[in-house]
Amino acid sequence: VKIIICGEGSARDSLSEMIARDGLKNILLLPLQAENDYREMLADIDVALITQQKGTGRAFFPSKLLNALAYARPVLAVADEESELTRVLVEGKFGARVLPGDAEALARKLDGLAASPGELAGFGAAGRKYVERFDRARVFAQFAEGVLRE
């Protein structure tokens with residue numbers, strides 16, 4: 001399992017130090033990616049890891065989720081049970097979830113998903129189907145239909 005972390009977030013320096021200190025060869029830390037490079041990366045990944053800190057899931061919804069689903073990528077969420085991310089994950093059946101702060105569960109889930117290409121493919125297909133509800137043409141058509149009924 002290789003983990004790629006992209007961005008310039010506030011934890012970047014401490015992550016970089018931890019990766020170097022612990023000799024973690026399977027974690028690659030990249031800068032924020034240009035749009036085309038980001039899309040290319042999404043096309044190449046096996047699983048999109050979307051993380052939320054404990055207690056933040058009701059206040060924040062990850063913007064990167066819909067992009068991953070549009071590329072038919074399965075999601076492994078690190079999120080509270082009560083979060084919106086967990087709610088849509090259960091509704092859309094496009095991935096799996098572990099609780100924030102449980103590194104061992106995350107490692108087990110990553111290993112399990114890596115050994116289950118069929119499950120990953122099913123999650124990816126379900127995610128693509130889920131995100132299609134947000135297609136611009138579909139949303140506008142539904143809006144226009146609602147306006148015309150009124």
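This chain uses plain numbering: 1 for the first residue, then up along the sequence. The structure displayed is predicted, hence computed values, not measured ones.
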Single-linkage hydrophobic cluster, 4.5 Å side-chain cutoff, Leu30 and Leu24 together: no

If you define the side chain from C-beta out and look only at heavy atoms, does anything of Leu120 sit under 4.5 Å from Val47? yes

For Leu110, the side-chain contact (heavy atoms from CB on, under 4.5 Å) test, sequence neighbours excluded, returns Val1, Ile3, Leu76, Leu106

Smallest heavy-atom separation, Ile19 atom then Ile27 atom, equals CD1-CG2, 3.4 Å

State, to 0.1 Å, how close Arg12 and Gly7 come at their nearest heavy-atom pair, and which atoms those are. NH1-O, 3.0 Å

Are Leu65 and Val75 packed together at the side-chain level, in the sense that at least one heavy-atom pair is separated by less than 4.5 angstrom? yes

So Arg97 and Glu81, do their side chains get closer than 4.5 Å, heavy atoms only? yes

Side-chain heavy atoms of Phe94 within contact of Val88, under 4.5 Å: yes

SB check Arg87 Glu84 (cutoff 4.0 Å): yes

Closest non-hydrogen atom pair between Leu69 and Arg73, with its separation: CD2-O, 3.9 Å

For Phe123, give me all partners under ring pair (Phe, Tyr, Trp, His ring centres under 6.0 Å), at least two apart in sequence or on another chain. none

Does Ala79 offer a backbone N or O that forms a donor-acceptor pair with the side chain of Ser83 under 3.5 Å? no

Which pair of heavy atoms, one from Cys6 and one from Pro31, lies closest together, and at what distance? CB-O, 3.9 Å

Identify whether the distance between the nearest side-chain nitrogen and carboxylate oxygen of Glu91 and Arg133 falls below 4.0 Å. yes

Start with the C-alpha gap between Met41 and Ile4, add the side-chain angles, then the distance that decides, and say whether side chain to side chain contact (heavy atoms under 4.5 Å, CB included) holds. CA-CA 10 Å; Met41 184 180 63; Ile4 300 171; 4.2 Å; yes

Applying the 4.5 Å side-chain criterion to the ILVMFWY set and letting contacts propagate, would Met18 and Leu28 be lumped into a single cluster? no

Take Leu85 and Ile50, measure what side chain to side chain contact (heavy atoms under 4.5 Å, CB included) needs, and give me the verdict at the end. CA-CA 9 Å; Leu85 177 54; Ile50 300 179; 3.9 Å; yes

Answer whether the closest heavy-atom distance between the side chains of Thr51 and Pro100 falls below 4.5 Å. no

Between Ala77 and Leu89, the two heavy atoms sitting closest are CB-CD2, 4.3 Å

Salt bridge check, Arg21 against Glu17: does any charged N sit closer than 4.0 Å to a carboxylate O? no

Do Asn67 and Leu42 have side chains that approach each other closer than 4.5 Å (heavy atoms only, starting at C-beta)? yes

For Ala11 and Ser14 the tightest heavy-atom approach is O-OG, 3.0 Å

Are Leu49 and Leu66 linked, directly or through other ILVMFWY residues, by side chains that come within less than 4.5 angstrom of each other? no

Members sharing Leu32's hydrophobic cluster, built from side-chain contacts under 4.5 Å between Ile, Leu, Val, Met, Phe, Trp and Tyr, are none

When rounded to the nearest 0.5 Å, the distance separating NZ of Lys54 from CG of Asp102 is 11.0 Å

Backbone N/O of Tyr71 and side chain of Arg39: donor-acceptor pair under 3.5 Å: no

Does atom CD of Glu104 have more than 12 heavy-atom neighbours, drawn from other residues, nucleotides or ligands, at distances under 6.0 Å? no

